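One structure is given here, and the rest of the page talks about it.
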Amino acid sequence: MPSKSCTNTLARKENLEAELLKYNQSHLLKFYDELTGAERDQFLHEISELNLDEVTGYFKDAFLTTTKIAEKVDDRLEAIPQDLYGSVVRSTKEELTAYEKIGLEAVSKGEVGVLLLAGGQGTRLGVNYPKGMYDVGLASGKSLYQLQAERILKLEKMAFEHTGRKGTIPWYIMTSEATRASTYEYFQKNKFFGLDEKNLVLFEQGMLPCFTFEGKIILEGKGKISKAPDGNGGLYRALRRWKILTDFEDRGVKYLHVYCVDNILVKVGDPTFVGYCITRNSDCAAKVVEKAFPTEAVGVVCKLDGKFQVVEYSEITLTTAQKRNPNGRLTFNAGNICNHFFTTEFLNRVCSEETKLKHHVAKKKIPYIEESGQIVKPEKPNGIKMEKFVFDVFGLSERFVVWEVLREDEFSPLKNADGADKDTPTTCRNSLYQLHRRWVIASGGVFVDEEGTEVPLIPSANETVDARNNNSQQSCLKAQDPIVCEISPLVSYAGEGLTDLLQSCKLKSPYVLN
């Protein structure tokens, strides 16, 4: 007589067979009989966790976009109106000070949270752990996570010194199924880099099954469905699922700074950006950098069909990309760097509407189990992964603004291993060294060589902002013996407070200020 557990498993299998047949996914059980009892239970549970009506519906909607001929959108584009386009360079010193003061006030009241998009592994860097744990080779040996944690600590201290109120900045980190446990263990091992553990909130983005072009869910093992993260736009579903929206409310968080893990120069919780957005009564904003050149492979923040959006460079013709305003600046010049501001009121609204956001399709080479039961690693794309992007909600904003910053001060992403043309550990490391060296010079210090001769800046201070933006990556790559200058975020958040320490000082490389 079969055991009760066997009977239950058989009943579950029969129920799922009917459901799979309904959605044309019966192939998922092809190797069921070859699985052990424990493997069968686990696999049936995995299948039952799928909302087949939902995910197959996603596929149908998403696949329609892959069958359409890519269209250029030039005639439907508008640049961001100038009255919504703030800028560090075009603001007065008094305006910047006022914005920062407002931001620090909000921090001191506990109204500002920061949210890190950190679902990715460092696979392209040649490592199998979360990218935030990566050390780009700084003299201090600090990882991206440590730099960001220390910037949060410094910002809390600055707000206290400014207001006399001690506010905390909760740090929300959206991981993935593959990175959550290792991320927590890393922070725990490093005693949360001085942060209060209760102010570090980890949660996971969702996963979606991968599909063949024919609409079949792909098996990556005999009892395992192939899945992929649902993109950084999976944030909005994850905020609801993990009750993060409730956490915002419980803590009194009104404003959220959202950013990607890989930017070594990111100003976490940037009080100037936050203050600008509060001043403008914005519900949603994008921090951008000026495009370095017309064909730079970066998305552009603009208006599409009257709604704010990020349009990929591949969707715009060369003629439109090269279009310039009377002042010589590119018309579509707001380069997206995945650095955003949201009010929590706005997030509550868009999270309730996130199912309306469309999935984007990426054709990929996805390993699968063939008929014989062997694993195949295809040489060309054989299926699709579906994802949403964090900026997909821009079109839902009622009070959208843009804040432009200098690339050399705030944006140097880590995407590729050393040897690539850009966005490598070397370019990141040297970007930070060059930024901190500029802080030293602005504070009255200089670097000298072994003979005591002052070492000039690279690139030259005589170059224009545009030229520096164009050349920053190459100068970071080509510097054979760059000046090593690293200033701990615990000492200075953005170059402030260094004059008393460095004025008239003659420094030699390597220089590390802790």
Side-chain angles (χ1 to χ4, degrees), residues 51 54-55 57-58 61-62 65 80 84 106 111-119 170-176 201 203-208 229-260 269 273-274 276-278 280-288 299-312 334 336-361 386-403:
N51 183 330
E54 182 177 65
V55 298
Y58 289 162
D61 291 341
T65 67
I80 299 294
L84 303 181
E111 295 175 346
V112 177
V114 294
L115 194 151
L116 170 60
L117 304 172
W171 193 9
Y172 302 92
I173 302 180
M174 187 174 78
T175 63
S176 64
V201 182
F203 63 104
E204 290 178 23
Q205 68 187 110
M207 303 287 286
L208 286 173
D230 58 2
N232 57 29
L235 169 66
Y236 307 108
R237 172 166 288 203
L239 289 176
R240 281 193 301 144
R241 179 186 172 201
W242 291 86
K243 297 182 170 42
I244 305 300
L245 297 171
T246 302
D247 194 84
F248 294 157
E249 185 176 354
D250 292 344
R251 293 175 187 264
V253 174
K254 294 182 178 180
Y255 313 109
L256 207 66
H257 178 217
V258 178
Y259 65 98
C260 275
F273 180 37
V274 170
Y276 169 75
C277 295
I278 293 173
R280 298 302 308 269
N281 192 30
S282 172
D283 59 0
C284 172
K287 182 182 282 192
V288 301
V300 175
V301 182
C302 58
K303 293 181 83 172
L304 176 66
D305 295 330
K307 292 186 176 293
F308 297 105
Q309 184 59 277
V310 174
V311 175
E312 294 301 324
N336 177 50
I337 59 173
C338 196
N339 192 316
H340 311 308
F341 166 93
F342 301 116
T343 64
T344 52
E345 181 182 3
F346 174 76
L347 287 175
N348 270 288
R349 177 164 64 84
V350 300
C351 287
S352 66
E353 301 177 27
E354 66 86 20
T355 54
K356 298 177 184 177
L357 302 176
K358 298 297 184 184
H359 285 88
H360 304 266
V361 170
M386 299 178 293
E387 58 185 354
K388 294 179 180 179
F389 298 144
V390 67
F391 53 72
D392 288 339
V393 299
F394 286 2
L396 300 176
S397 172
E398 296 171 351
R399 300 181 302 278
F400 184 80
V401 295
V402 165
W403 181 245

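These numbers come from a predicted model, not from an experiment.
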Minimal non-hydrogen separation, Val401 against Cys277, with atom names = CG2-SG, 4.4 Å
Just say parallel, tilted or perpendicular for the rings of Phe394 and Phe400, cut-offs at 30° and 60°.
-> tilted
Do Glu354 and Arg240 come close enough that some side-chain heavy atom pair is under 4.5 Å?
-> yes
Lys/Arg N to Asp/Glu carboxylate O, Glu345 vs Arg399, below 4.0 Å = no
OG1 on Thr355 to OH on Tyr58, rounded to 0.5 Å | 7.0 Å
Side chain to side chain contact (heavy atoms under 4.5 Å, CB included) between Ile244 and Leu347: does it pass, once the steps are laid out?
-> CA-CA 11 Å; Ile244 305 300; Leu347 287 175; over 6 Å; no
What distance separates Glu312 CD from His360 NE2, expressed to the nearest 0.5 Å?
-> 8.5 Å
Polar contact flag, side-chain donor to acceptor under 3.5 angstrom, Asp283-Ser397 = yes
Heavy-atom side-chain contact between Phe341 and Val112 under 4.5 Å | no
Could you label the plane-to-plane angle of the Phe391 and Phe389 rings as parallel, tilted or perpendicular, counting under 30° as parallel and over 60° as perpendicular?
-> tilted
Closest approach of Lys358 and Asp392, non-hydrogen atoms and distance?
-> O-OD2, 4.0 Å
Does the side chain of Asp247 come under 3.5 Å of the side chain of Tyr172 through a donor N or O and an acceptor N or O?
-> yes
Does some side-chain heavy atom of Val288 sit less than 4.5 Å from a side-chain heavy atom of Ile80?
-> no
Let me see the working for Leu396 and Lys356 under side chain to side chain contact (heavy atoms under 4.5 Å, CB included), right down to the final yes or no.
-> CA-CA 11 Å; Leu396 300 176; Lys356 298 177 184 177; over 6 Å; no
Hey, could you give me the CG/CG distance between Asp250 and Leu245, rounded to the nearest 0.5 Å?
-> 11.0 Å
When rounded to the nearest 0.5 angstrom, what is the spacing between CG in Asp230 and CD in Glu387?
-> 9.0 Å
For Ala286 against Val301, the heavy-atom pair lying closest together = CB-CG2, 4.4 Å
Please step through side chain to side chain contact (heavy atoms under 4.5 Å, CB included) for the pair Leu117 and His340, ending with a clear verdict.
-> CA-CA 11 Å; Leu117 304 172; His340 311 308; 5.9 Å; no
Got a second to check how far Phe248's CZ is from Phe342's CZ, nearest 0.5 Å?
-> 10.5 Å
Between Met174 and Asn232, what is the shortest heavy-atom contact and its length?
-> CE-O, 3.9 Å
What is the minimum heavy-atom distance between Thr343 and Ser282, and which atoms define it?
-> CG2-O, 3.4 Å
Is the closest side-chain heavy-atom distance between Glu204 and Ser176 below 4.5 Å?
-> no
Heavy-atom side-chain proximity of Arg251 to Thr344 below 4.5 angstrom | no
Any side-chain heavy atom of Tyr259 sitting closer than 4.5 Å to one from Ile337?
-> no
Got more than 12 heavy atoms from elsewhere within 6.0 Å of CD, Glu54?
-> yes
Shortest non-hydrogen contact from Gln205 to Gly119?
-> OE1-CA, 3.4 Å
How many angstroms lie between atom NZ of Lys287 and atom OH of Tyr276, to the nearest 0.5 angstrom?
-> 12.5 Å
